[in-house]
> 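Structure incoming, see below.
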Amino acid sequence: GNSVTQMEGPVTLSEEAFLTINCTYTATGYPSLFWYVQYPGEGLQLLLKATKADDKGSNKGFEATYRKETTSFHLEKGSVQVSDSAVYFCALRAGGGNKLTFGTGTQLKVEL
Amino acid sequence: ETGVTQSPTHLIKTRGQQVTLRCSSQSGHNTVSWYQQALGQGPQFIFQYYREEENGRGNFPPRFSGLQFPNYSSELNVNALELDDSALYLCASSLTRGDEQFFGPGTRLTVL
């Protein structure tokens, strides 16, 4: 079946540091890939997405590139802010349906 | 434009009871999906409703059931509650099947 594996957290960074959160996936066919962010006490918000190989999704300084050869979709940001502190979820959608398969999430803490 | 809303925000039940959670989809959206997010885990797909009919189901027992109304709002019903049902229940709506999902803030269910 489909699955998503994320690096375990928490990840603690100083403000303005470079961020990478690793995500790899297993899926049949050609899934769409997503990063969602969950701030404390809130629901999930779509951060970025990519629908085919070599696509790069980007939003709010975050980027992720769909790498089919390595089945990866790593999230990066060049300079994190305290306001980026949240839990980040990698997810995929495959098979033409609407079901999202999520990873376990990675908590990011950014300190001054 | 009003986003996805869910009620109640928090709920405490005892084992064996039944619970109903409610979700109002974003205006114009005809598809609603429900997810269960256990503490420290990623959301797990329960089922999806499209135009008032179930349109896909995850690996959840039949005591998890749902409904979608003509205005596309939705209910999630859980019978014979178990301790492991304690989780955040997320509702997501989309314009139609396969489109971006917009999540509500969730209902926190605690089963004692």
> Around Glu69(A), counting heavy atoms of other residues, nucleotides and ligands shown, do more than 12 lie under 6.0 Å from its CD?
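More than 12 heavy atoms, drawn from other residues, nucleotides or ligands, come within 6.0 Å of this atom.
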> Between Tyr35(B) and chain A, which part of the residue has a heavy atom less than 4.5 Å away: side chain, backbone, both or neither?
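For Tyr35(B), side-chain heavy atoms alone lie under 4.5 Å from chain A.
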> With a 4.5 angstrom heavy-atom cut-off, is it the side chain or the backbone of Tyr36(A) that approaches chain B, or both, or neither?
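The side chain, not the backbone.
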> Heavy-atom pairs under 4.5 Å with chain B - which of Thr104(A), Leu44(A), Val4(A) has more of them than the others?
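Max contact count across the listed options: Leu44(A).
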> Side chain, backbone, both or neither: which part of Gln48(B) has a heavy atom under 4.5 Å from chain A?
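Side chain of Gln48(B) only, per the 4.5 Å heavy-atom cut-off to chain A.
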> Where do Leu100(A) and Phe103(B) land on the side-chain contact (heavy atoms from CB on, under 4.5 Å) test, with the steps shown first?
CA-CA 12 Å; Leu100(A) 289 168; Phe103(B) 284 81; 4.1 Å; yes
> Run the ring-ring contact (aromatic ring centres under 6.0 Å, His included) check on Phe102(A) and Phe45(B) step by step: do they pass?
CA-CA 9 Å; Phe102(A) 287 88; Phe45(B) 176 75; over 10 Å; no
> If you count heavy-atom pairs within less than 4.5 Å of chain A, which of Gly56(B), Gly106(B), Pro43(B), Cys91(B) leads?
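Sorted descending by pairs with chain A, the first entry is Pro43(B).
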> Is there a continuous path of hydrophobic side-chain contacts, each under 4.5 Å between heavy atoms, that joins Phe64(B) to Leu83(B)?
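Same cluster.
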> Show your reasoning for whether side-chain contact (heavy atoms from CB on, under 4.5 Å) applies to Phe89(A) and Gln37(B).
CA-CA 12 Å; Phe89(A) 292 93; Gln37(B) 184 180 10; 3.2 Å; yes
> In terms of heavy-atom proximity below 4.5 Å to chain A, should Thr9(B) be classed as side chain, backbone, both, or neither?
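Interface part for Thr9(B): neither.
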> With a 4.5 angstrom heavy-atom cut-off, is it the side chain or the backbone of Gln107(A) that approaches chain B, or both, or neither?
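Neither part.
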> Can Tyr72(B) be reached from Tyr50(B) by stepping across I, L, V, M, F, W or Y side chains whose heavy atoms are under 4.5 Å apart?
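Hydrophobic grouping puts Tyr50(B) apart from Tyr72(B).
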> Tell me, for Leu46(A) versus chain B, whether the close heavy atoms (under 4.5 Å) come from the side chain, the backbone, both or neither.
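Only the side chain of Leu46(A) comes within 4.5 Å of chain B.
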> Please say whether more than 12 non-hydrogen atoms of neighbouring residues, nucleotides or ligands are located less than 6.0 Å from CG in Leu112(B).
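For Leu112(B), atom CG is crowded (more than 12 foreign heavy atoms under 6.0 Å).
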> Under a single-linkage definition using a 4.5 Å side-chain heavy-atom cutoff for Ile, Leu, Val, Met, Phe, Trp and Tyr, are Leu75(A) and Leu108(A) assigned to the same hydrophobic cluster?
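Yes; Leu108(A) is reachable from Leu75(A) via cluster members.
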> Do Asn55(B) and Lys99(A) pass the side-chain contact (heavy atoms from CB on, under 4.5 Å) test, and can you show the C-alpha distance, the side-chain angles, and the key distance before you say yes or no?
CA-CA 10 Å; Asn55(B) 181 52; Lys99(A) 168 188 173 182; over 6 Å; no
> For Asn71(B), look at atom CG and say whether over 12 heavy atoms of other residues, nucleotides or ligands are found less than 6.0 Å away.
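Enclosed.
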> Do Ile21(A) and Tyr39(A) belong together in a cluster built from hydrophobic side chains that touch within less than 4.5 Å?
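Yes, it is one cluster - the side chains of Ile21(A) and Tyr39(A) are joined through contacts under 4.5 Å.
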> Is there a chain of hydrophobic side chains (I, L, V, M, F, W, Y, each step under 4.5 Å between heavy atoms) that links Leu76(B) to Phe60(B)?
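As far as the 4.5 Å side-chain criterion goes, Phe60(B) and Leu76(B) are connected within one cluster.
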